[in-house]
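The structure presented is a predicted model; accordingly, all values stated were derived computationally and were not measured. Chain naming here is simple, since letters A, B, ... match the order of the sequence lines and numbering starts at 1 in each.
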Protein chains: 2
Amino acid sequence: MDRKQIPDIVVGRLPQYLRSLQRMYREGRQVTSSQELGERLGISAAQIRKDLSQFGEFGKQGTGYHIENLIQQLRQILHVDQEWEVAVVGAGDIGSAIVRYKGFTDRGFRVTMIFDSDPAKIGTQIGTFIIQDTNNLVEEIQKAGICIAMITVPAANAQSVTEQLIKAGVKAILNYAPISLNVPRGIFIQYIDPSLHLQRMTYYLD
Amino acid sequence: MDRKQIPDIVVGRLPQYLRSLQRMYREGRQVTSSQELGERLGISAAQIRKDLSQFGEFGKQGTGYHIENLIQQLRQILHVDQEWEVAVVGAGDIGSAIVRYKGFTDRGFRVTMIFDSDPAKIGTQIGTFIIQDTNNLVEEIQKAGICIAMITVPAANAQSVTEQLIKAGVKAILNYAPISLNVPRGIFIQYIDPSLHLQRMTYYLD
DNA sequence: TAGATTGTTAATCGATTAACAATC
DNA sequence: TAGATTGTTAATCGATTAACAATC
């Protein structure tokens, strides 16, 4: 029993901290405080200090946190001190946009494969990628040893794609299909559904 | 003090319930239970009953919930028993994909405007939409009375776009730019940043 | 030194779960 | 009636905040 159990809600805030710190770093800043970081993110300073203290003592009393150092620490903690290869399943508008997306650079990810089941798309190119047949998904992902995938197929196909991905050894899935997926323990899922996000706000509108 | 204060975390689950119920409805189902819904979503049955009971008594002992009725109730609660017009700012890959996205249908939203600041894009078409000049954003959004916008511009421009949107009367923003936005009270924001979602999972991978 | 800010503890606050009477 | 499932209460569990000694 070495590793302390970190609440998932804490883990969820770390990438936000990292993103803000990387921004500060690009702005040429050297040092920040829990208070400043908290103001940028809308999170209390106490919360940030408590979250970070779960992993070590990264700050200095009277001074705050050295930005470059804290970035390195967080990258290690989140395992993005490496570049993960990512497979995209579904070469529609969203899948294509993801393949072209520049925002994974320096954040730990690189899309390296895209699949579709439409014969009209298979073999054609998106940027520098050739769209591969979903029928070869398990084999290709396994061969490449890829652990992370994004699903951008229609809702009706998402569960079966998920099962194939798991068979191929994928452990983490970011799902853009508007449906809840069923996965065994040990497989991690995150969801992006813009309608869901919007509905969460319309509750407060009239 | 009439309206009970509902925790935001509860509000956040309602759209998930709605989405699952709409799926069941399309599958031809008439009735469900908190237990079944919970299994589909990975949420405890007690939680679902408690959440729903904040808004009324929608179920029947021994039977469960009438799906069609509960859908209507949730649509009213979330204010998606209407269709909200949505403006998109940024006509890059993501903005274009959103404009073409079919997934807003029956969920309460319809994209009706798209803006960009690139002279090469302004005036050209995406599907049936003509890309408008961001310089006219405030005027056009105000004129149309639009309350909801999505931001898909580069991070460097996102804060200034946000300020223009607020000036135009927008109250709810879904932000795809990988940056925390500063907004006054009364403006609602949701974030979509795939890197953030992925980093939340890589913590658990090794 | 004086001022600032951390890491941490204890107190508070809020969310989830278990359990069950009510009732369809 | 017997079985199932709700709505709700009380108990448990977990997360956030306030406060402050330590110390740079």
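- Ring-plane geometry between B:Tyr203 and A:Phe55 is classed as perpendicular, the angle between the planes exceeding 60 degrees on a 0 to 90 degree scale with a lower cut at 30.
- A:Ser34 has a side-chain polar atom (N or O) that falls below the 4.0 Å cut-off from OP1 or OP2 of C:dT6.
- Shown for residues 16-23 of chain A: no residue has heavy atoms falling under 4.0 angstrom of DNA chain D.
- The separation between A:Leu37 atom CG and C:dA4 atom C1' is 17 Å, rounded to whole Å.
- The distance between atom CG of B:Asp8 and atom C1' of D:dA15, rounded to the nearest whole Å, is 15 Å.
- For DNA chain C, runs of at least 3 consecutive pairs of the Watson-Crick or G-U wobble type, with both hydrogen-bonding distances under 3.5 angstrom, map to C:3-24 with D:3-24.
- With respect to the salt-bridge test (charged N to carboxylate O, under 4.0 angstrom), the residues A:Glu36 and A:Arg29 qualify.
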Counting primed atoms plus P, OP1 and OP2 as sugar-phosphate and everything else as base, spell out the protein contacts along nucleotides 17-24 of chain D at 4.0 Å heavy-atom distance: B, S or - for each nucleotide, 5' to 3'. BBB--BBB
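- The aromatic rings of B:Phe104 and B:Phe109 sit perpendicular to each other, their planes meeting at more than 60°, with 30° as the lower class boundary.
- For the OP1/OP2 pair of C:dG7 and a distance below 4.0 Å, the side-chain nitrogens and oxygens of A:Tyr65 include at least one atom meeting the criterion.
- In this structure, the side chain of B:Tyr191 does not engage the main chain of B:Pro178 through any donor-acceptor pair within 3.5 Å.
- A salt bridge is absent between A:Arg110 and A:Glu85; no separation between the charged side-chain nitrogens and carboxylate oxygens falls under 4.0 Å.
- In summary, of the residues considered (A:Glu68, A:Gln30, A:Arg40), a side-chain contact (heavy atoms from CB on, under 4.5 Å) with A:Met24 occurs for A:Arg40 alone.
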